[in-house]
Amino acid sequence: VNDEEVTRLLNRRADEVPDTHAPVNEVIAAGRAGQRQNRRRYIAAGVALAACVVGGVVVQRATTGGAGAPGERPVVAAPEPRVIARGDALQRWSDWTAADWVRTSDYVVVARAVSEQAHPNGPDSGSVERSVELDIKQVVWSRPSPSRPLPPTVTVTAFGWTDDNIPLASSGTPRIEPGHDYVVALVWMPAQCSPGDPAEPAQWTPLGSNAVLPFDNARIGYGESEGRLVAGDGDQAPAGTLELRLLGQSLTELRDALLNAPPPSAQDPRTLPQPSTC
Amino acid sequence: VLGDAVSKDDEFAEYMRARWRPMLSAAVLLGCGQPEAEDLVQVTFTRCYVKWDKVARADNRDAYVSRMLLNEFRASRRRRWWQERPTAEVPDAVVDDMATAHAESHAMDRALGRLSQPLREAVVLRYFTQLSERETAEVLGIAPGTVKSRLSRALAQLSADSHIIDLTNGRQP
């Protein structure tokens with residue numbers, strides 16, 4: 001195929017994209033709201049109130065967006081998170097059931113998010129990434145031969161902010177915010193590098209979107225999800241998840257579920273990607 | 001001031017209406033599903049509105065906005081535990097055997113899915129968005145020579161792709 005043929009085939013594919021109505025008014029309204037948000041960005045008056053509202057937790061948020069050095073983000077009033085649709089079908093591992101957790105995880109732990117760091121992606125990137133330090137409070141389960149010993153703290157990547165400072169969250173999933181407790185199924189992910197992507201060092205990572213459960217006050221489904229407080233209402237997680245199955249229960253029930261889960265079979269083994277370096 | 005705001009809104013609205021469909025298509029060609037593409041383009045245009053003064057002054061507005069779209073796309077696809085894994089194969093789609101156009105579209109979809117993301121981005125910007133090689137290089141943040149080599153490799157891969165070969169042989173993929 002030559003240049004013209006590729007262009008023709010691309011246009012052929014584009015022709016099949018449904019021609020939806022351009023939401024001009026919605027975009028202008030959102031843009032104006034974003035501008036107002038920017039103007040209000042430095043107003044910290046609501047901080048104490050916001051912190052009280054979320055249960056006495058000091059919520060850290062950015063006062064500045066865009067490029068800059070990584071660091072702690074100063075405290076300001078927190079806007080509502082923007083919740084992004086989930087991509088369950090495309091996750092690396094299945095993480096819905098106790099059997100899924102047991103198949104792939106190295107550890108299932110109770111952890112408290114103790115701090116967060118912003119990692120600006122640079123001008124016009126559209127987002128500011130975030131890493132969260134988790135203090136491991138308790139190991140609930142571990143596979144017989146975990147990939148490596150579990151350190152007292154692990155740092156995981158999490159949804160951050162848009163570059164106009166709106167928190168990002170995934171539907172039905174905790175953002176992992178400092179001050180809250182979570183049950184987390186952790187995997188040691190080998191270093192990865194593929195052409196065109198930044199190299200990813202080996203690191204601890206949650207098994208998936210359904211493998212981080214709110215766990216404030218030692219109750220599953222209570223705490224933070226999507227950047228808001230949830231209290232076991234049952235609407236914060238998709239049907240079929242371990243979170244919904246164990247809603248309101250304690251570590252005893254979780255441990256039982258994990259210990260009684262069917263062990264990995266030869267037909268459905270644990271699969272970890274091979275390490276790759278640039 | 002009010003007049004300026006109205007003028008800005010009118011100018012932006014006109015631009016967005018004209019570019020909505022091509023941007024949506026570009027997002028799909030980059031690898032988004034339809035709902036994700038709509039979200040991505042809407043977010044891109046929202047950012048575009050916020051920065052309209054800068055966008056409107058750009059030497060090549062379409063290239064500038066294409067870069068914003070690409071940045072949004074990359075940010076949304078950056079591999080993290082909550083997101084996807086790369087896949088070499090796109091899911092099967094229903095193909096109407098009688099529709100050549102649909103078959104071509106389907107074949108291109110699958111062939112694009114087999115390209116690495118850097119090659120795919122170069123192909124979409126150069127051959128669909130119709131940016132020049134220099135503009136493509138600026139949007140991707142790479143040297144023009146690298147664009148040339150990526151396009152060359154992409155064309156070679158597309159030419160060798162079984163779905164495209166089936167098309168050019170006159171058979172349904």
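Formation of a donor-acceptor pair under 3.5 Å by the A:R12 side chain with backbone atoms of B:A103 is not found in this model. Remark: the backbone N or O of A:T20 is paired with a side-chain donor or acceptor of B:W20 at under 3.5 angstrom. When atom types are taken as modelled, the side chain of B:R21 and the backbone of A:A22 share no donor-acceptor pair closer than 3.5 angstrom.
Proximity to chain A (any heavy atom under 4.5 Å) is restricted, for B:E38, to the side chain, taken from C-beta onward. For chain B, no part of A:N25 is nearby; none of its heavy atoms comes within less than 4.5 Å.
Distance check, rounded to the nearest 0.5 Å: CD of A:E16 to NE2 of B:H106 gives 10.5 Å. Here B:L29 contributes atom CG and A:N11 contributes atom CG; the two are 8.5 Å apart, rounded to the nearest 0.5 Å. Note that the OG atom of B:S25 and the CG atom of A:D15 stand 7.5 Å from one another [nearest 0.5 Å]. Going from atom CG of A:L9 over to atom CG of B:L158 covers 8.5 Å, rounded to the nearest 0.5 Å. Separating the CG atom in A:D3 from the CZ atom in B:R126 is a distance of 7.0 Å, to the nearest 0.5 Å.
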Q: Could you go through the side chain to side chain contact (heavy atoms under 4.5 Å, CB included) check for A:V6 and B:M108 one step at a time?
A: CA-CA 9 Å; A:V6 171; B:M108 194 57 182; 4.0 Å; yes
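In terms of heavy-atom pairs under 4.5 Å with chain B, the best-connected choice from A:E26, A:E4, A:H21 is A:H21.
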